[in-house]
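Structure first, commentary second.
Indexing begins at 1, ligand by ligand and atom by atom, following the structure's order.
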Amino acid sequence: MNLSLYIHVPFCAKKCNYCDFYSVPYSEPLAEEFVSALCEEWRILSEDAGLRDATVTTVFFGGGTPSILSIGQWQTLSESLLRHMNLAPDVEWTIECNPDSFTEEKAGLWLSMGVTRLTFGVQSFNNGELRDLGRPHSAQQALAALASPAVEQFKSVGLDLMYGLPHQTLESFRSTLFTAFSAPVIRHLSAYELTICKNTPFGRRHKLPLPGENAVVGMARLLFRTCRKNGFERYEISNFARSGHKCFHNEAYWNHSRYIGLGPAAHSYVHPNRWANVSDVGRYVSRLAAGSSPIDFKETIGGEQLASEMILLRLRTTEGLDENRFAQATGREFYAGKRRQVLDNVRERRQIDYRKPLWALTEDGMLVADAIIRDLV
Ligand code: SF4
């Protein structure tokens with residue numbers, strides 16, 4: 001049985017102004033307890049859920065800020081957790097890094113552990129924008145991390161960027177993209193439009209100096225053009241890669257493949273069941289120390305919900321939604337009922353292409369993907 005593994009590291013140097021992911025400030029004693037709890041969670045899961053013999057094809061350390069863990073904590077993870085897993089010989093193994101907690105020494109250790117991919121949470125190469133976002137690093141720190149000799153030795157290196165930021169202009173975004181593509185190690189780019197979530201400092205602010213809608217569309221188009229020009233193929237609405245550098249771990253989510261999440265707030269999916277761990281690192285640690293399960297929520301995904309999720313995930317990919325797979329998995333026709341009229345309208349506007357059996361949004365369709373998907377589900 002093949003399996004993707006996600007490990008949520010819930011610590012950050014400080015909270016960014018736009019972030020609604022679960023994370024707390026780093027504390028060494030709590031991080032030590034968290035690492036022990038992760039090992040215990042895998043021990044229980046591998047025995048109870050029969051995962052001991054599963055082959056792990058992708059490992060993704062996300063967060064939070066995985067690179068904030070110390071060398072000693074990474075050594076414990078390597079010896080007490082990952083060594084007890086059956087990793088595929090060609091496992092794709094990613095660690096998310098922030099430039100301020102990345103060190104050459106950690107990179108050397110990750111290489112010796114078998115890590116294959118690094119993704120750097122850079123977001124912008126403009127120091128004013130980084131300050132507005134509340135990021136704990138500067139553009140210079142990001143450039144120094146990307147120029148580190150150890151980074152070159154990973155099979156793949158990616159960047160995360162954002163656009164539609166307070167005070168951002170088309171020119172400042174152009175300059176960020178230019179700097180990003182000037183770094184020769186970059187093989188993958190994720191670029192997300194800023195979303196304002198209610199329970200964040202940005203969400204609580206009365207007024208934010210955000211660029212207008214036309215400026216944001218201009219930034220999105222600039223992003224597509226620049227990626228294309230630099231040989232980065234778009235494979236999902238926000239993800240671009242050079243040939244051979246797509247992230248297989250993300251593809252597992254988009255394909256509804258089997259994945260297990262370890263750590264607080266981590267989600268797992270083994271069809272037709274989904275479950276999530278408690279979103280509190282203290283409770284996560286104490287439950288595991290007491291020998292109880294950290295699972296806080298469980299659901300079974302029925303046909304209608306699976307249909308909605310497949311539409312949501314597959315229409316974000318450039319490959320698109322396969323109507324045969326959709327029918328097989330959900331017991332429903334894709335081009336039927338109310339969806340038929342919506343699809344006809346979207347097709348007339350040239351926002352979706354249909355090449356039997358695949359339905360895929362065009363570049364114009366991707367710009368209004370949220371609205372199209374909302375109408376379809
Ligand atoms: S570093 Fe990432 S996870 Fe941590 S607060 Fe900032 S955006 Fe959120």
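The distance from ligand 1 to the heavy atoms of Lys14 drops below 4.0 Å at these ligand atoms: 5 (S). Those atoms of ligand 1 with a heavy atom of Thr65 less than 4.0 angstrom away are 1 (S), 4 (Fe).
For Asn199 and Arg204, the side-chain atoms include no donor-acceptor pair closer than 3.5 Å.
Judged by the 6.0 Å and 45° rule, Arg234 forms a cation-pi pair with Phe224.
Annotation: atom 4 (Fe) of ligand 1 to nearest protein heavy atom, Cys12 SG, 2.3 Å. Nearest to atom 2 (Fe) of ligand 1 among the protein's heavy atoms is Arg135 NH1, 3.9 Å. Among all protein heavy atoms, the one lying closest to atom 3 (S) of ligand 1 is Gly64 N, 3.2 Å. Taking atom 1 (S) of ligand 1 as the reference point, the nearest protein heavy-atom neighbour is Asn98 ND2, 3.3 Å. Residue, atom and distance of the protein heavy atom nearest to atom 7 (S) of ligand 1 are Tyr18 OH, 3.4 Å.
With salt bridges taken as basic N to acidic carboxylate O contacts below 4.0 Å, none links Arg135 and Glu129. A salt bridge links Arg221 and Asp364; the closest N-O separation between the charged side-chain nitrogens and carboxylate oxygens is under 4.0 Å. Salt-bridge formation is detected for the pair Glu304/Arg332: a Lys NZ or Arg NE/NH1/NH2 atom is positioned less than 4.0 Å from an Asp or Glu carboxylate oxygen. Contact check on Asp100 versus Lys14 returns no salt bridge, with no Lys/Arg side-chain nitrogen under 4.0 Å from an Asp/Glu carboxylate oxygen.
With hydrogens and angles ignored, the 3.5 Å screen pairs no side-chain donor or acceptor of Thr65 with any backbone N or O of Ile68.
In summary, no N, O or S atom of Cys19 is located under 2.8 Å from atom 6 (Fe) of ligand 1.
Ligand 1 lies nowhere less than 4.0 angstrom from a heavy atom belonging to Gly121.
Residue-level proximity to ligand 1 for Cys16 is carried by backbone and side chain together, each with a heavy atom below 4.0 angstrom.
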